[in-house]
Amino acid sequence: MSRFGEVDDQYDPDELEQRVFEYWDDVDAYEQTVEHRSDGESFFFVDGPPYTSGSAHMGTTWNKSLKDVYLRYLRMQGYDVTDRPGYDMHGLPIETRVEERLGFENKKDIEEFGEENFIQECKDYANEQLEGLQSDFQDFGVWMDWDNPYKTLEPEYMEAAWWGFSNAADRGLVEQGHRSISQCPRCETAIANNEVEYEDVEDPSIYVKFDLAEREGSIVIWTTTPWTIPANTFVAVDEDGDYVGVRAEKDGEEELLYLADAKHEEVLKEGRYDDYEIVEELSGEELIGWSYEHPLAEEVPDHVDGEGVFEIYAADYVDTHGDGTGLVHSAPGHGEVDFERGRELGFPIFCPVGGDGVYTEEAGKYEGQFVKDADDEIMADLEDNGALLASGTVHHSYGHCWRCDTGILQIVTDQWFITITDIKDDLLENIEDSEWHPEWARDSRFRDFVEEAPDWNVSRQRYWGIPLPVWTPEDRDDDEDMIVIGTREELADRVDQDVDPEAVDLHKDTVDDLTITEDGTTYTRVPDVFDVWLDSSVASWGTLDYPSDDSRFDELWPADLILEAHDQTRGWFWSQLGMGTAALGESPYTEVLMHGHALMPDGRAMSKSKDILIDPHEAIDRHGRDVMRLFLLSNNPQGEDMRFDWDGMQTMENHLRTLWNVFRFPLPYMRLDGFDPQQTSLDEVDDALEPLDEWVLARLQSTKAEMTAHFEDFRQDKAVDALLEFVVEDVSRFYVQAVRERMWEEDDSASKQAAYATIYRVLRESVALLAPYAPFISEEIYGTLTGEDGFDTVHMEDWPDVDEHWVDEQLEEDVSLLRAIEEAGANARQQAGRKLRWPVPRVVVAADDERVVEAVERHTGLLEERLNAREIELVSPEDRWGELQYSAEADMSELGPAFGDRAGQVMNALNEARIDEPSLEALEDAVADVLEDDEELEESMVSFVTQTPDDIAGTAFGTDGDDRGVAYVDASLTADIESEGYAREVIRRVQEMRKDLDLDVEERIALDLEIDDDRVADLVAERTDLINEEVRADERRAVEDGHRKEWDVDGVTMEIALEALAAAEASE
RNA sequence: GGGCCAAUAGCUCAAUUAGGUUGAGCGCCACUCUGAUAAGGUGGAGGCUCUCGGUUCAAAUCCGAGUUGGCCCA
């Protein structure tokens, strides 16, 4: 880009961004930026790999934008940043998509299709999906190492998982065992608890009577899963609960039923009993040891058998006041808590259900039926056996497979675990080694989760995943004598077959057939693959390709920063901690930034499947990448959700447009004057700087300081607020407006050069500060400002440091006071009906404190200019200006303690009081009715407020909500003021007409002016020179063919005509 | 059902650390200004600070119980 080259009149995000993309490509901007920092201190960032399904949604976009802003910031701070992106490419979600694509219904279809083929399809699909994400992220302007992402399906990465797992095994933390797990009967695999999605469904709700074996009567249980009754092993009660025996009558027959006291009424109603009577009151403890008969003993002849089964036991999962009857049907072969209690009690674990949800032979007459389909038959059989007390249905939430939406079943199967419960203390200790933003996420949430985390079931009975690197002796499949392989090298060394460690693809189809023979024993591989959460859990070393590449691990590990949404507390934040601790004994990260989710504008969660979403591509189409990023990044990243908001997007676009206009305003002048920022640096023009130049430079310093502090605090949102406030409020609305006339001067001047140097510095540093947020517009502005003198890209710039030379707190405070006075003056003008165009003879500033006096004294000229006042009159705090009345404003922190519950009443009286003297005595008189005899007002309780006289308009001014004084505008008219006022009215209208004709700023004109009112005409004539100069009129004469318009100026008719002189000459 | 977080103007959010007359930006309405400006300025409308209780002279703020939303867990 050439320095001060022509730029677009209008900020056009789309064109600009395309231009910048091409430019980045031309100059290898990313590569240069990385290279530029290659000698810097290392910063190890680890990207949480998004799952490769579909395209980027708003949440992912927010996440990657946040990562981008911090990585760019860190680079500008000099760090050599690891920025390898990652993709999570294995797992059930992809398998089910591929199954859908191929029209498969279950595992048999896959087996027929062939494992190898199926794995290839999954690989292709995952790679395909990755492309969409890659191009989206790049399109959002995110700078990461896109040529070299880590992919969980690559051998180097899979090896990293093997290595981690084998490390855990070496530390004795890998174990195979029987557990109650959530099984998806369609996918025929265990799924993790956090993969279970709960949905409202209608299920059977039955009350079943279990006949007591050694005494009269039956106990009543309740269940929504009749299909688990065949596996019943015991019944649980609450030891401390209250139970009753009820003699109930229905259709003339009497029964003795036992159940919880709190539930008996409800249950008997369900059973439609005619009448009943409580005949016994017992504690749960008294029920313990009672034995009963299995209600389906005949239908399931091979039902569980063993010492102590079919008896009542205490269990802490029983509640006599909740759902059910206070007596809980317990089947250790199914439910998780049942399983735990069953094991404590030493019972055999009976589960007559296969991984496909079909009853096995052990289920007797139900063999071969899908369990849910058998519900009806089981209920019918219970009815026939006289065991069904009542049956109905219930709406409740029930777990479903996250991928295929099939209802899950709790069954007991053999699975492989990392026994993280053995290292709970280490885990809790390692939590302390990481700092979280926000802190409560770690201390209130993450720690709770870790404390209660069960062993990690890492095995899945599927195909598309990292195979478990576990080989077991041929004749057994448990964890005795297992061999766990840690690397490809080790695999090649130990297996019986020939394997090339460089070339081997570690997927299931290639390792399934490998065997190991050692000491005369042949080992075969456990056929399972890893839970996909294990894949990403090793990302902190997988990112570095460790262990196959060990060149960086020692220096970089653990990660300096990870940054994800709050759902990862139970996801990646946890899985990494678990794996890091199990494999290496340490937390794999030291800093966590946790953001929230992107919500719909109305606060609902976004959902792709329900088509409730804002597509980032639409946001880009409407406003551009910089705007979208700015919007996202202006939200608090610390744990809180963000509502998407189109108005907010528009506001950001407006801000960028303002920046664009600020940037392009001085360019024509700088070009015209041949301004060279290298020669005319700030140092060169130091002496010529005017107070406002020094002020805007001071503001720049405090903006930098503020931004850096916010960044260090992981509050990029506050940082960008500060920057935009500076650019929009201070630079655009104040500085540029004030400095305009200096730039218009036709002659060169030191003052003009000073203004150029100032705005040049301000713009150049501002775009550096903006660059991490809005990399495109920053790049274009930077390029135009620097030409050949800067880096090839703004992103190679250092983060701007505070330059002590320009820090000037006094000046900042002065100007904030002047601006407050100016604002009040504008208000007062409006009240007086006097436009800013018309001068006023004087403005009286009544200062409340010395600080205001100082500010006004130091900058009287500036204030006159800004207020368009001929004179500024200053009234010191100790003096007072005549003709004023006063009222009082109460300080509640003083009134409260002094007046107690009457403070409010006193406050109101003070507000309403009107007095001539601002004295406590006068005030006390005025509010005498609310004061009691012994009460007095104190100086500290009130501050006096002036009340404006009628002829003069006054408005209070203040800073940060504190009153600092009053600005009174004297709006009286004199002939001289009217003369200038009307002249300015003429000037403005001529300017507008010049604009109508699209005349160049320099273009000379001939002007024809006729004013109906003689008095006004004379007044305007007094300012002929001023008018001619301002509108660049060289001739005053009749204009025949020019642009002609009639204006009404406050009731005075003016006819104005003009033509361009060059055009007039050409036509003659 | 449990844990955590949030709830303040039509919208997005401050103010909560340390209790003291609730603020900004955007949007809306009116007026106004404009040779960098899809801008700017002034004013206005708009708030039982989610509800109910408690502590206190005084609560958006502290405490308790709810309601709604989000995340996580069951």
Side-chain angles (χ1 to χ4, degrees), chain A residues 9-11 193-194 196 198 319 322-323 336-337 397 399 438 440-441 443-446 448-449 452-453 565-571 574 594 596-597 599 601-605 631 634-636 638-655 657-658 660-669 717-718 721 724-725 728-729 732-734 736-737 740 743-744 822-824 826-831 833 835-837 889-904 907-908 910-911 955 960-961 987-988 990-992 994-995 999-1001 1030-1032:
Chain A
D9 282 356
Q10 305 278 328
Y11 168 53
N193 284 336
N194 58 13
V196 176
Y198 288 83
D319 174 10
D323 292 335
E336 202 174 327
V337 286
S397 69
W440 58 256
D443 297 335
S444 298
R445 202 193 250 198
F446 192 54
D448 288 355
F449 179 75
E452 284 168 28
H566 47 39
D567 54 339
Q568 298 302 335
T569 312
R570 266 68 174 173
W574 157 240
M594 183 187 93
H597 279 180
L599 305 181
D602 60 8
R604 287 177 301 168
F631 171 78
S634 64
N635 279 282
N636 185 347
Q638 298 202 0
E640 289 183 32
D641 290 339
M642 166 208 46
R643 289 198 193 196
F644 191 84
D645 176 34
W646 288 111
D647 281 345
M649 289 278 287
Q650 184 61 54
T651 303
M652 286 303 166
E653 187 180 331
N654 292 346
H655 288 159
R657 179 175 301 110
T658 300
W660 185 258
N661 289 326
V662 167
F663 149 67
R664 91 188 169 88
F665 150 73
L667 290 182
Y669 306 102
D717 57 318
K718 289 188 172 185
D721 280 352
L724 291 175
E725 166 101 6
V728 173
E729 291 294 334
S732 173
R733 291 184 190 163
F734 195 72
V736 167
Q737 212 221 320
R740 252 147 73 167
M743 299 217 180
W744 287 340
E822 183 188 338
E823 193 182 315
N827 179 321
R829 269 178 172 278
Q830 184 122 358
Q831 284 178 44
K835 314 171 191 179
L836 186 60
R837 222 168 17 232
E889 193 165 298
D891 182 344
M892 285 310 284
S893 59
E894 298 288 341
L895 280 195
F899 294 98
D901 57 3
R902 290 175 38 253
M907 176 191 78
N908 287 333
L910 290 171
N911 285 344
T955 300
D960 301 326
I987 289 166
R988 191 190 79 71
V990 175
Q991 301 289 34
E992 192 172 321
R994 285 181 60 109
K995 208 174 183 178
L999 295 185
D1000 190 85
V1001 182
E1030 290 286 323
V1031 305
R1032 290 176 163 68

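Sequence lines set the chain letters: A, B, ... in the order given, protein chains first and strands last, and positions in each chain run from 1. Reckoned from all heavy atoms, side chains included, excluding hydrogens, waters and symmetry mates.
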So which protein N/O to nucleotides 12-17 of chain B N/O distances come out below 3.5 Å?
unit_1: B:U12; atom_1: OP1; unit_2: A:R643; atom_2: NE; d: 3.2
unit_1: B:U12; atom_1: OP1; unit_2: A:R643; atom_2: NH1; d: 2.7

Check nucleotides 37-40 of chain B for protein N or O atoms closer than 3.5 Å to its own N or O atoms and list the pairs.
unit_1: B:U37; atom_1: O4; unit_2: A:R740; atom_2: NH1; d: 3.1
unit_1: B:A38; atom_1: O2'; unit_2: A:R657; atom_2: NH1; d: 2.9
unit_1: B:A38; atom_1: N7; unit_2: A:Q10; atom_2: OE1; d: 2.7
unit_1: B:G40; atom_1: OP1; unit_2: A:R733; atom_2: NH2; d: 2.7

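For B:C5, its base never sits under 3.5 Å from the side chain of A:R445 at any donor and acceptor pair.
Pairing analysis of RNA chain B (Watson-Crick: purine N1 to pyrimidine N3 plus N6-O4 or O6-N4; G-U wobble: N1-O2 and O6-N3; both under 3.5 Å) yields stems of 3 or more pairs at B:1-7 with B:67-73, B:10-13 with B:23-26, B:28-32 with B:40-44, B:50-54 with B:62-66.
A side-chain donor-acceptor contact under 3.5 Å links A:R829 to the backbone of A:K835. Side-chain N or O atoms of A:R445 include none that pairs as donor or acceptor with a backbone N or O of A:W440 at under 3.5 Å. Formation of a donor-acceptor pair under 3.5 Å by the A:D641 side chain with backbone atoms of A:H597 is found in this model. With A:S634 contributing its side chain and A:F631 its backbone, the two residues share a donor-acceptor pair below 3.5 Å.
Closest to the side chain of A:F665, out of B:A36, B:C26, B:C71, is B:A36. Listed candidates were B:A36, B:C73, B:G35. Nearest to the side chain of A:V662 is B:A36. In this structure, the nucleotide among B:C26, B:G3, B:U42 sitting nearest to the side chain of A:D448 is B:G3.
Within the 4.0 Å cut-off from OP1 or OP2 of B:U32, not a single side-chain nitrogen or oxygen of A:K835 is found.
Residues A:G639 and A:E452 both approach RNA chain B. Their nearest nucleotides, taken by heavy-atom distance, put A:G639 toward the 5′ side. Looking at which nucleotide of RNA chain B each of A:Y669 and A:H566 is closest to, the 5′-most match is held by A:Y669.
Using a 4.0 Å heavy-atom distance criterion, A:T569 is classed as making no nucleic acid contact. At a threshold of 4.0 angstrom between heavy atoms, the contacts of A:W440 are confined to the sugar-phosphate backbone, with no base atom among them.
Distance CG (A:L724) to P (B:A24): 19 Å, rounded to an integer number of Å.
Note that the CD atom of A:E640 and the CG atom of A:N635 stand 9.5 Å from one another [nearest 0.5 Å].
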